[in-house]
Amino acid sequence: MQSNIKSSLSTFSQFWMIFFPISSYFFYSYVGIDPSIEKAMYFVALPVTILLSFHGLYKSQSKKYAKFLLPIFGIMLLSMVNSSIFHGQSFLLSYKVTAKYMAIIYLFYLLTIKPNVKQIERLILILCITYIVLWLYGLYKVPQVVFGQDLDEVIDDSRGIFRLRMAGSTIVVLAFFMSINKYIISKKKVWFLFFSFLYVVIILHVTRQVIVFSFVIGIFYLSYKTKWKWYVLFGSVFFYVMAGTVQFADDSIVSKIINISEEQAKDQKRGEEDIRIQEYKHFFFNYTENFFTFLFGNGVSHGESDFGKKDTKLAKEYLFWDSDVGYAHIFIRFGIISLAIYIIVLYKGVKQKTDTRLVYPKLYIIYLVLANIASTPVLWEPILLSISLYLLEYDSYQHSLQKRKVVCQ
């Protein structure tokens with residue numbers, strides 16, 4: 001990363017920095033736009049972004065994280081060939097389903113235009129607020145489907161609140177960590193109120209592991225950096241909730257989430273192996289059939305192909321969803337080499353020592369390590385991974401500059 005980190009970006013760069021992430025979410029699958037147009041715009045935006053990222057791609061070998069993700073991008077291209085050769089899926093169908101993963105090119109685009117930290121944080125806030133506003137509008141319009149490709153879909157409310165299937169929800173987690181980081185540095189109440197609001201939004205998405213992991217990581221960081229009162233306040237609340245001393249109404253959100261967890265615990269007590277353990281065993285040991293796909297993956301299956309129908313049958317008959325087991329998902333789609341690379345990148349992100357103002361991308365990486373065990377945020381949120389790694393690249397470069405100054409003095 002060159003020393004001339006840009007304090008100002010061209011109008012087009014600012015536009016594309018926002019447009020590409022939103023296009024990668026297929027414009028949140030808004031029903032007012034034809035789905036084929038939403039997808040076509042991203043399928044065009046992707047190769048355009050690759051061309052715009054030429055400088056970042058060319059210079060990637062000198063970068064701490066980009067040098068690892070460049071091979072990943074190449075393996076994704078190769079996986080589309082694999083799905084054609086070994087599973088008979090057309091290259092066009094493979095591109096349609098693989099393109100969303102290839103949004104990892106966004107890291108190289110950021111390295112090309114070199115936005116500063118303020119510009120990146122403004123981007124995070126724009127994406128976060130955009131998502132929340134649209135999500136609230138979607139809740140307001142329930143039972144009408146506003147965001148989603150299936151207009152006849154019955155919106156799930158089994159957990160006490162309607163669960164909308166909208167892309168890009170994990171931006172709330174990244175913004176949550178960022179606002180905690182901002183509060184610790186500035187002690188401004190606005191950031192305290194903002195991260196509290198964001199955590200309410202996280203709870204209202206009623207995804208248990210997101211609620212737990214974001215809470216644990218956020219509160220640990222708060223407790224570590226602020227006064228002991230955080231331990232008492234949040235530790236007590238968490239203890240009483242988990243111990244069951246707080247009683248909730250049977251139809252409340254918390255009660256329904258607890259009931260689901262209790263049912264799963266009962267299944268395990270009856271000797272039934274956890275479904276995700278079964279999924280990991282199957283996808284790691286029974287899914288891949290040859291050494292080449294073991295190394296470079298089977299590719300991503302499309303529902304209209306025989307390859308996709310095979311995966312659909314597996315899900316319906318055995319309830320085996322590779323999207324439920326993130327590390328296995330990386331393995332079967334892009335091979336053991338890609339899995340090893342992602343583990344190295346995540347490990348480096350967790351271990352990196354950062355400036356106090358840039359702790360939040362590291363917190364998000366820690367979140368990914370945990371959440372990817374039972375979901376797929378590493379592959380399904382390439383934009384947020386790109387943003388976090390760019391910030392870590394930026395911080396690493398700043399540290400190297402300081403070391404050079406010390407040596408020269």
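Hydrogens, waters and symmetry mates are skipped; everything else that's a heavy atom, side chains included, is used. All of these numbers come straight from a predicted model, not from anything done at the bench.
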Check whether any side-chain heavy atom of [X] sits under 4.5 Å from a side-chain heavy atom of [Y], and report yes or no.
X      : Y      : result
Ser60  : Leu111 : no
Pro115 : Leu110 : yes
Tyr397 : Lys64  : no
Tyr390 : Pro361 : no
Ile217 : Leu370 : yes
Trp135 : Val201 : yes

For this session: Please determine which of Trp191, Phe192, Phe197 meets the ring-ring contact (aromatic ring centres under 6.0 Å, His included) test together with Phe195.
Result: Phe192

If a pair satisfies salt bridge (Lys or Arg N to Asp or Glu O under 4.0 Å) and one of its residues is in [range], list it, with sequence neighbours excluded.
range            : result
residues 183-197 : none
residues 171-182 : Glu121-Lys182
residues 339-357 : Asp355-Arg357

For this session: Verify, without hydrogens or angle tests, whether Tyr106 (side chain) and Leu384 (backbone) share a donor-acceptor contact under 3.5 angstrom.
Result: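 The answer is no, because no donor-acceptor pair under 3.5 Å joins these two groups.
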
Problem set entry | Ser305 side-chain N/O to Gly308 backbone N/O, donor-acceptor pair under 3.5 Å | yes

For this session: State which residues pass ring pair (Phe, Tyr, Trp, His ring centres under 6.0 Å) with Phe73; sequence neighbours excluded, sorted by chain then number.
Result: none

Exercise. In chain order, what residues pass the ring pair (Phe, Tyr, Trp, His ring centres under 6.0 Å) check against Phe15, with sequence neighbours excluded?
Worked result: Phe19

For this session: Look at atom CZ of Phe12 and say whether more than 12 heavy atoms of other residues, nucleotides or ligands are closer to it than 6.0 Å.
Result: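 It does: Phe12 CZ has more than 12 such atoms within range.
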
Exercise. For the residue pair Phe194 and Phe176, is the inter-centroid distance of their aromatic rings smaller than 6.0 Å?
Worked result: no

Show every donor-acceptor pair shorter than 3.5 Å between a side-chain atom in residues 330-341 and any protein atom, with sequence neighbours excluded, or say none if there are none.
from: Arg333; atom 1: NE; to: Asp322; atom 2: OD2; distance (Å): 3.3
from: Arg333; atom 1: NH1; to: Tyr287; atom 2: OH; distance (Å): 3.3
from: Arg333; atom 1: NH1; to: Gly299; atom 2: O; distance (Å): 3.2
from: Arg333; atom 1: NH1; to: Asp311; atom 2: OD2; distance (Å): 3.4
from: Arg333; atom 1: NH2; to: Asp311; atom 2: OD2; distance (Å): 3.0
from: Arg333; atom 1: NH2; to: Asp322; atom 2: OD1; distance (Å): 3.2
from: Arg333; atom 1: NH2; to: Asp322; atom 2: OD2; distance (Å): 3.3
from: Ser338; atom 1: OG; to: Phe334; atom 2: O; distance (Å): 2.8

